[in-house]
Amino acid sequence: MIKVGDTLPATTLMEFSEVEGNGCSIGPNPVDVAKATAGKTIALFALPGAFTPTCSAKHVPGYVEKFSELKAVGVDEIWCVSVNDAFVMGAWARDQKTDGKVRMLADGSADFAKATGLTLDLTGRGMGVRSNRYSMLIKDGKVAALNVEGPGKFEVSDAGTLLAQAKG
């Protein structure tokens, strides 16, 4: 499993973007993780799936709510990563009103989750291999803080915890 001090794996995530107003897609577009994190401070949080109860009711809204506070302490971008396709992440972004605050990034084949060692096997529930619920503070492509949730928990990957770590 990835740990504090490690460099993020060289993987590609996908991001769905829309043309404002008419809903015509200008995505999905590849996001090279190494290039996108170079020289930046990123608040990344990952979760098992788009439109799932805890993720939609607490996890994403918390980061949308704390956007200004995270920016004020030096966070350049906030990323939400989930093992879903870019079209689902785009629809979820609209639903959660994340535009301009949280980048909703798709890890469709779980390549990022597998490379970090932060997978969650939900095949018994018909959901396949997913991402574990966690948050990490990334500085110039390296993990500065990592908060991995226990099974079924939502206690340490919230926006408030990551904000406190970014302040420190």
Side-chain angles (χ1 to χ4, degrees), residues 1-2 8-20 22-37 40 42-67 70 75 77-138 141 143 146-159 161-162:
M1 182 173 78
I2 199 166
L8 289 180
T11 55
T12 300
L13 298 168
M14 298 298 287
E15 183 173 31
F16 180 86
S17 300
E18 290 186 82
V19 174
E20 188 171 328
N22 65 10
C24 293
S25 169
I26 58 170
N29 298 301
V31 176
D32 180 301
V33 171
K35 288 179 183 173
T37 59
K40 292 182 181 174
I42 309 289
L44 182 152
F45 66 105
L47 34 80
F51 294 104
T52 54
T54 300
C55 305
S56 291
K58 296 177 183 174
H59 218 168
V60 175
Y63 281 90
V64 170
E65 180 184 306
K66 299 272 187 215
F67 168 77
L70 285 159
V75 170
E77 295 180 4
I78 302 169
W79 292 8
C80 174
V81 178
S82 183
V83 180
N84 291 102
D85 66 63
F87 297 101
V88 169
M89 292 301 283
W92 198 31
R94 281 190 303 278
D95 178 72
Q96 293 287 306
K97 298 174 179 45
T98 64
D99 191 38
K101 294 181 178 181
V102 178
R103 292 182 74 179
M104 304 297 274
L105 300 173
D107 185 20
S109 298
D111 293 337
F112 184 80
K114 291 172 187 171
T116 59
L118 291 165
T119 58
L120 180 63
D121 187 353
L122 294 176
T123 49
R125 296 165 131 193
M127 294 173 67
V129 174
R130 296 292 180 130
S131 174
N132 201 344
R133 184 182 306 281
Y134 66 89
S135 66
M136 64 172 73
L137 188 65
I138 302 155
V143 179
L146 177 62
N147 311 294
V148 181
E149 296 286 1
K153 301 288 184 187
F154 180 61
E155 300 169 343
V156 298
S157 64
D158 62 294
T161 298
L162 208 56

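Bear in mind that the values here come from a model prediction, so they are computed numbers and not experimental data. By convention here, the first residue in the shown sequence is residue 1.
With Arg133 as the partner, the side-chain contact (heavy atoms from CB on, under 4.5 Å) test is satisfied by one option alone out of Val148, Leu118, Leu47: Leu47.
Take Asp158 and apply the side-chain contact (heavy atoms from CB on, under 4.5 Å) test, not counting sequence neighbours, and it matches Phe154, Thr161. For Thr12, there are no side-chain hydrogen bond (donor to acceptor under 3.5 Å, both in side chains) partners, not counting sequence neighbours. For Ser135, the side-chain hydrogen bond (donor to acceptor under 3.5 Å, both in side chains) partners at least two apart in sequence or on another chain are Asn147. With sequence neighbours left out, Phe112 forms a ring-ring contact (aromatic ring centres under 6.0 Å, His included) with no residue at all.
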Do any side-chain atoms of residues 79-90 form donor-acceptor pairs under 3.5 angstrom with protein atoms, and if so which ones, sequence neighbours left out?
residue	atom	partner	partner atom	Å
Trp79	NE1	Glu77	OE1	2.7
Ser82	OG	Asn84	OD1	2.6
Asn84	OD1	Ala50	N	2.9
Asp85	OD1	Phe87	N	2.8
Asp85	OD1	Val88	N	2.9

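The line from CD1 of Ile78 to CG of Leu70 is 4.5 Å long, rounded to the nearest 0.5 Å. To the nearest 0.5 Å, atom CZ of residue Phe51 and atom CG of residue Asp95 are 5.0 Å apart. Atom CG of Leu8 is separated from atom CG of Leu44 by 7.5 Å, given to the nearest 0.5 angstrom. Taking CG of Leu13 as the start and CG of Asn29 as the end, the distance is 12.5 Å to the nearest 0.5 Å. Note that OH of Tyr63 is 14.0 Å distant from CD of Gln96, once rounded to the nearest 0.5 Å.
Judged as a salt bridge (Lys or Arg N to Asp or Glu O under 4.0 Å), not a single pair has a partner in residues 109-124 (not counting sequence neighbours).
Scanning all heavy atoms of the two residues, the minimum distance from Ala36 to Val31 falls at CB-CG1, 3.7 Å.
For Glu149 (side chain) and Ser157 (main-chain N/O), a donor-acceptor pair under 3.5 Å exists by modelled atom type.
Looking at Trp92 and Ser56, their side chains do bring a donor and an acceptor atom within 3.5 Å of each other.
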